[in-house]
Amino acid sequence: MLPCSWGLWRSAIHTLKTFRASPSARGLCIPTRAVCDAETIFALSSGHGRCGVAVVRVSGPASSMVLRNMAGLTQALPPPRTALLRRITDPKSKELLDRGLVLWFKGPHSFTGEDSAEFHIHGGPAVITAVLQALGSLEGVRPAEAGEFTRRAFHAGKLGLTEVEGLGDLIHAETEAQRRQALRQMDGELGRLYQDWSYRLKRCLAHVEAFIDFSEDELIEDGVLNQVDSSVRQLETEIERHLKDERRGERLRTGVQVVIAGATNAGKSSLLNTLCKNNTHTQSMTHCRANPHFNGQPCMSALSHTPKYAFFLMTKSLFLMVEQADLTLVVVDSTQLPPDPQLVAAFLQQHLSTVLPSPEAGMTAASDKVLLVLNKSDLVPEEQRERTEGELRERPGLPPACFLSCSTSTGLEDFLTVLQSRVKTLCGDPLSGAPSLTQARHRAHLQQSVQALNQYHQYRDQDLALAAEGVRLALTHLGRITGRVGAEEILDIIFRDFCIGK
Amino acid sequence: MLAQKLHLLRHNVLSFVSSRTGSDFTRRQYDVIVVGGGHAGTEAAAAAARLGAETLLITQKIMTIGALSCNPSLGGVGKGQLVREVDALDGLCGRAGDAAGVHFSILNRSKGPAVWGPRAQLDRERYRQFIQSELLSTPRLTVLEGSVDELLVSQPNPEEPGHHRVTGIRLVDGSHPILSSSVVLTTGTFLSGSLFMGQTTSPGGRMGDAQSCAGLSYTLKETLGLRVGRLRTGTPPRIVKESVDLSLAQLQAPDKQPTPFSFLNTHTRCKPEEQLPCYLTHTTPGVERVVRESVHLNCHIQQDAKGPRYCPSIESRVLRFPGRRHQVWLEPEGLTSDLLYPQGLSMTMPPELQLRLLREIPALHRAEIRTPGYGVQYDFVCPTQLTPSLQVKSTQGLFLAGQINGTTGYEEAAAQGLWAGVNAGRTALSLPPMALSRTQSYIGVLIDDLVGRGVTEPYRMFTSRAEFRTYLRPDNADLRLTPRGFEEVGCVTLRRYKKAVSVRDGLQEALMALQSVALSSTRWREKLGNISLSENKSTTLNGLDLLQYKDVSFEMLASAFPECLSQYFEYSQRLKIEAVYRPHCEKQSREMERIRSEESLSLPSDMDYLSLPVSLSQEVREILDRVRPNTLGAATRLPGMTPAGIIHLLNYVLRTGQRNRHTEHRNRSSQKEGEKGQLCASNIPISQ
């Protein structure tokens with residue numbers, strides 16, 4: 001399962017490439033009409049990874065339009081809540097994407113209380129990606145934000161007050177997962193690109209606002225707006241080029257990120273080599289790298305199928321790496337364990353707190369992201385090992401621990417089983433991966449940003465307040481990727497760049 | 001006799017005294033007491049009286065009521081919007097500006113009507129006279145000269161939140177207290193104020209006026225335990241007009257046709273041809289040299305600890321942006337005044353150096369100073385301790401407005417004064433307090449920013465602070481505020497209300513008439529001549545669509561369809577603006593709705609966030625505990641607040657709302673209570 005999952009994600013990148021070429025060009029053709037009163041959203045509602053059937057949910061006023069367009073229903077809609085086997089096609093190119101079940105839910109009798117539709121399609125990533133891309137190309141339809149379906153259900157009164165508490169936790173979990181993912185992406189080249197755009201757009205807005213608020217009283221050079229004109233145009237060109245450029249998408253993280261952490265000589269490199277040497281894993285492990293230069297305190301290596309990304313991470317601080325990882329393998333030298341099995345748990349607890357960031361966050365939160373590998377088990381007396389294993393099994397506060405000997409491969413099978421089930425859970429978790437969804441969300445916001453910047457040029461000479469509105473809107477959309485920008489931040493730039501009196 | 005009645009305008013004294021009976025002189029009980037006679041105080045007193053509250057305005061010197069302490073001008077970009085809104089709520093400053101203006105201009109004329117800034121240079125004397133005579137003729141309003149020694153507080157009303165309740169004031173020389181249900185403090189720069197010039201400092205809030213007594217400051221800080229901060233401001237030297245070589249400055253003419261501030265006025269008191277010009281000149285490297293040489297003699301600048309982001313004085317300008325030319329406006333102080341006000345030359349250096357500095361500017365090379373510039377440092381009450389009705393959270397019946405809340409500017413003070421006066425009046429009359437939404441007015445933006453975020457530098461209004469700038473325009477302030485001001489708030493007189501309603505109906509009719517004329521774009525081109533329409537030939541466009549085009553004016557359409565449109569000529573400019581902005585405002589309506597529903601969910605001010613039995617992180621609890629947001633909307637705007645935290649808070653509020661419906665009822669208008677059902681269905685803020 002483990003190689004499968006990794007291999008699967010690799011193939012997903014390729015399918016992404018093929019399917020992106022057309023939608024990216026198409027995406028720009030979305031008419032510049034603003035999103036109307038209630039937007040229609042879509043998302044993959046079933047888990048990621050290999051599965052038999054995947055469910056894509058659509059909710060909002062345009063759901064019936066989506067259903068007609070995607071399932072070729074020219075006439076009446078199917079009766080509500082009745083499954084119908086249809087050919088699912090791309091609404092623009094009419095290309096066949098899949099055959100699957102479609103369901104129609106007329107509001108308010110749906111999960112969200114709005115008009116909704118469901119597509120039950122085959123679970124391959126290629127199919128899923130194609131359907132999501134096709135949905136994103138429809139006007140007035142956009143990828144859902146984290147927890148948005150649930151939130152809409154809440155607003156429609158579909159969830160009782162007592163369920164709200166749960167919703168809060170859910171949104172917390174979702175945004176937490178999103179935050180981790182964003183952190184990962186923001187750290188890379190893509191993140192720097194978005195941040196750069198956001199910074200430049202902020203400056204553009206600050207200069208337009210300064211011109212509006214202060215040019216009559218203060219000395220603001222006439223060239224300010226001309227500079228903004230060219231900056232906005234430059235930004236538009238860059239974002240548009242980015243939207244067309246498929247290669248950048250590859251740099252997005254799309255797999256499970258595993259970090260191997262442990263003290264010097266605990267056997268991290270040996271573990272990596274063992275995993276790579278194991279025949280069944282060779283294929284997916286060719287890109288694995290260990291960094292031999294890390295010999296500081298707790299030393300660690302990263303495993304990822306995206307070599308550039310892994311390399312980039314190596315230069316960052318250690319805790320940051322662990323925080324961003326989906327899974328951390330903490331390698332411990334078994335010979336260092338206390339001989340008395342009763343003391344082992346406390347020892348490991350203490351050890352983890354030095355390796356993992358924010359130990360006060362509680363082991364329960366971290367434990368499903370952490371596996372303990374007790375290496376060099378061949379050097380520990382068998383009897384002591386068994387007693388320790390028994391002791392650790394009764395400690396729910398600790399992450400699962402596996403005894404393993406990298407030199408004799410003893411315990412490797414058991415360790416792989418645990419590792420595989422962990423990775424499977426992570427891949428099945430709609431929040432851990434979801435690269436296509438994240439990308440689709442970014443695309444949507446970037447496209448809306450570009451459209452809003454058009455408004456700047458449209459009104460530049462006619463009405464500067466409306467032109468500024470375009471820049472504000474563009475920044476709002478970009479801010480949904482990079483973080484919100486408040487009025488005070490704009491004023492900071494104004495007062496820094498211009499001399500404004502009382 | 002302390003109850004020395006208003007006797008400043010000799011010709012008015014008789015009518016004034018005759019309108020009062022002798023017993024009024026010894027009255028010791030009012031609904032509302034307003035302390036301070038500046039822009040905030042006069043608006044507060046007038047608003048409370050309009051509402052029907054028996055009001056007393058106490059000021060140190062009756063003669064300085066309505067005095068323009070600093071610049072002789074009103075309005076501007078952002079500030080002009082505030083003046084229009086104060087006027088729409090029947091405040092004084094708009095009409096006073098029309099009566100006192102001697103140079104009218106609309107700033108930003110080329111940048112779109114949403115950001116037009118109505119502005120006027122004022123005649124100081126006329127402004128003061130207008131404000132004083134307005135107050136004099138306001139029923140239920142008494143003016144008293146005196147200095148307030150202390151605020152009287154007692155145990156709070158247990159049914160409402162707060163630790164204290166204000167019961168009145170005691171004057172410095174007064175043996176007996178004057179009682180009231182609410183008190184509005186508008187002390188400006190007089191709260192622990194000190195004046196700075198060169199290396200000398202003296203206590204006071206304005207040069208030439210007595211310092212205010214320490215008692216009030218003590219009550220606020222010690223008795224009520226309010227957190228205060230310190231801010232600074234300054235004013236430039238006044239220059240003798242004759243000594244200025246105006247031929248070396250650039251003439252700035254006013255608008256040919258003055259535009260009144262007030263919705264009630266069709267023209268200004270000053271005739272177009274009587275207007276006075278302004279002059280523009282610039283600083284020189286010599287000015288920078290004098291500033292640098294005098295830094296060691298300048299206490300005010302050396303103590304610049306707070307460091308506002310903008311540059312309040314010429315010293316901070318040249319120190320922060322060296323090597324630049326800075327603008328200096330030479331503004332008239334009035335029709336008969338022999339002084340000029342050098343806008344942009346606020347300074348605090350010793351007087352002899354001020355003269356040297358001025359004379360480095362060519363037009364001022366032989367300038368004479370009448371009164372030198374000086375700096376003021378004063379206490380302000382951190383405004384996060386206030387509710388959106390501008391009442392101090394911990395003290396029932398105590399309202400603050402103006403510079404005491406950390407703002408700067410006449411317009412900002414007037415706006416707060418009006419709203420504090422409204423709520424002081426409502427409290428006294430046992431009506432629930434009211435808040436203005438930031439989606440509806442700049443006054444709402446101002447107050448929400450103050451009470452929700454606090455200040456670190458004197459707060460000034462900019463249009464960039466308003467999210468819904470395209471809707472909060474100077475042209476539609478009457479439609480936004482006047483009907484509500486009459487129907488719900490009670491601060492608008494019937495005469496103004498009727499006028500606003502007739503304008504609203506007229507505009508509505510005109511818009512419908514415009515929509516009723518629909519032609520193909522080909523036919524439009526035939527009718528109107530050579531205009532560029534982007535739509536293809538067969539598209540049908542109505543008059544409103546057409547009015548969105550840059551080159552199309554209402555007059556053009558009216559001449560094409562005189563029978564149905566010519567009767568709406570008086571609205572031509574407003575119709576054009578409405579047509580251009582309406583589609584954009586409609587796009588924003590959903591976002592406005594969201595903000596409004598958040599604002600209507602109030603959070604109890606005595607909530608114990610640290611031990612609230614809901615799942616909130618310690619970090620979020622501490623943020624909430626520190627800022628104590630008034631509404632869920634304010635909470636969502638706090639940096640560091642998480643979406644999950646908002647949901648938990650919402651859940652808590654809805655639950656406790658169900659349990660204590662009757663107590664919460666007091667805090668919210670009954671109409672908002674009715675909307676509770678809809679809140680579940682509306683969009684809740686989830687910031688990403």
Side-chain angles (χ1 to χ4, degrees), chain A residues 34-35 37-38 113 145-148 151 154-157 161 164-165 167-173 175-176 178 205-206 209-219 459 461-469 472 479-481 483-484 486-488 490-492 494-496 498-502, chain B residues 76-78 107-108 110-115 117 233-234 282 309-313 317 320-321 324-327 329 343-344 346 408 453 458 460 462-465 467 469-470 550 580-581 584 587 590 614-615 637 639 642-645 647-648 650-651 654-655 680-684 686-688:
Chain A
V35 206
D37 282 4
E145 303 286 343
E148 198 170 0
R151 238 153 48 219
F154 169 68
H155 294 316
L161 271 182
V164 178
E165 200 73 22
L167 178 66
D169 293 336
L170 178 75
I171 290 177
H172 176 71
T175 44
E176 184 56 22
Q178 237 192 10
L205 181 59
E209 298 283 9
F211 195 74
I212 289 177
D213 272 336
F214 305 110
S215 66
E216 298 268 345
D217 280 334
E218 312 285 345
L219 202 56
Y459 287 103
D461 296 321
Q462 188 182 339
D463 190 313
L464 203 58
L466 291 175
E469 210 57 44
R472 283 180 171 198
R480 305 212 94 190
I481 308 177
R484 211 172 75 172
E488 285 301 305
I490 299 299
L491 287 174
D492 279 339
I494 295 179
F495 289 124
R496 197 192 59 214
F498 304 101
C499 177
I500 308 290
K502 199 178 122 179
Chain B
V77 181
L107 305 186
N108 273 351
S110 63
K111 292 174 199 151
V115 294
T233 184
H282 293 92
R309 292 173 298 181
Y310 64 92
C311 308
S313 62
R317 285 179 160 222
R320 190 109 48 95
F321 294 90
R324 289 199 196 180
R325 234 163 51 121
H326 301 281
Q327 286 182 328
W329 298 90
Q343 169 89 3
S346 177
T408 177
R453 252 199 300 255
R460 172 185 160 186
F462 312 117
T463 68
S464 50
R465 296 191 192 271
E467 292 89 344
R469 182 166 62 190
T470 50
K550 191 183 171 188
V580 172
Y581 281 92
H584 297 275
K587 270 193 226 168
R590 203 166 88 115
V614 297
S615 149
R637 282 188 284 280
T642 62
I647 296 276
H648 285 307
L650 170 76
N651 174 37
L654 290 179
R655 270 202 219 157
C680 281
S682 67
N683 197 354
I684 295 186
I686 306 292
S687 52
Q688 286 296 323

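Per chain, numbering begins at 1; letters A, B, ... match sequence-line order.
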TODO: First locate atom NZ of B/Lys550, then atom OH of A/Tyr459, and finally report the distance between them rounded to the nearest 0.5 Å.
DONE: 12.0 Å
TODO: Supply the atom-to-atom distance B/Ser464 OG to A/Arg472 CZ, rounded to the nearest 0.5 angstrom.
DONE: 7.0 Å
Open item on the list: Test salt bridge (Lys or Arg N to Asp or Glu O under 4.0 Å) on B/Arg465 and A/Glu209; report intermediate values, then the result.
Closed with: CA-CA 10 Å; B/Arg465 296 191 192 271; A/Glu209 298 283 9; over 6 Å; no
Task: Exercise: identify the closest heavy-atom pair between A/Asp463 and B/Pro113 - done: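 Taking A/Asp463 first and B/Pro113 second, the nearest heavy atoms are OD2-CD, 3.4 Å.
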Task: For the student: nearest non-hydrogen atoms of A/Ala465 and B/Arg469, plus distance - done: O-NH2, 4.3 Å
Open item on the list: Within a 6.0 Å radius of atom CZ on B/Arg325, are there more than 12 heavy atoms belonging to other residues, nucleotides or ligands?
Closed with: no
Per-residue contact mode, [X] against chain B (heavy atom under 4.5 angstrom):
X        : value
A/Phe211 : both
A/Leu491 : both
A/Ile212 : both

Open item on the list: Looking at A/Asp213 and B/Phe462, would you say the former's side chain and the latter's main chain have a donor-acceptor pair under 3.5 Å?
Closed with: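 No; zero donor-acceptor contacts below 3.5 Å.
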- [ ] Determine yes or no for a side-chain-to-main-chain donor-acceptor pair under 3.5 angstrom, with A/Glu216 supplying the side chain and B/Asn108 the backbone.
- [x]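 Answer holds: yes.
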Open item on the list: What I'd like to find out is whether the side chain of A/Glu469 reaches to under 4.5 Å of the side chain of B/Tyr581, using heavy atoms alone.
Closed with: no
Task: Among A/Ile490, A/Leu205, A/Asp461, A/Leu466, residue most engaged with chain B (heavy-atom pairs, under 4.5 Å) - done: A/Leu466
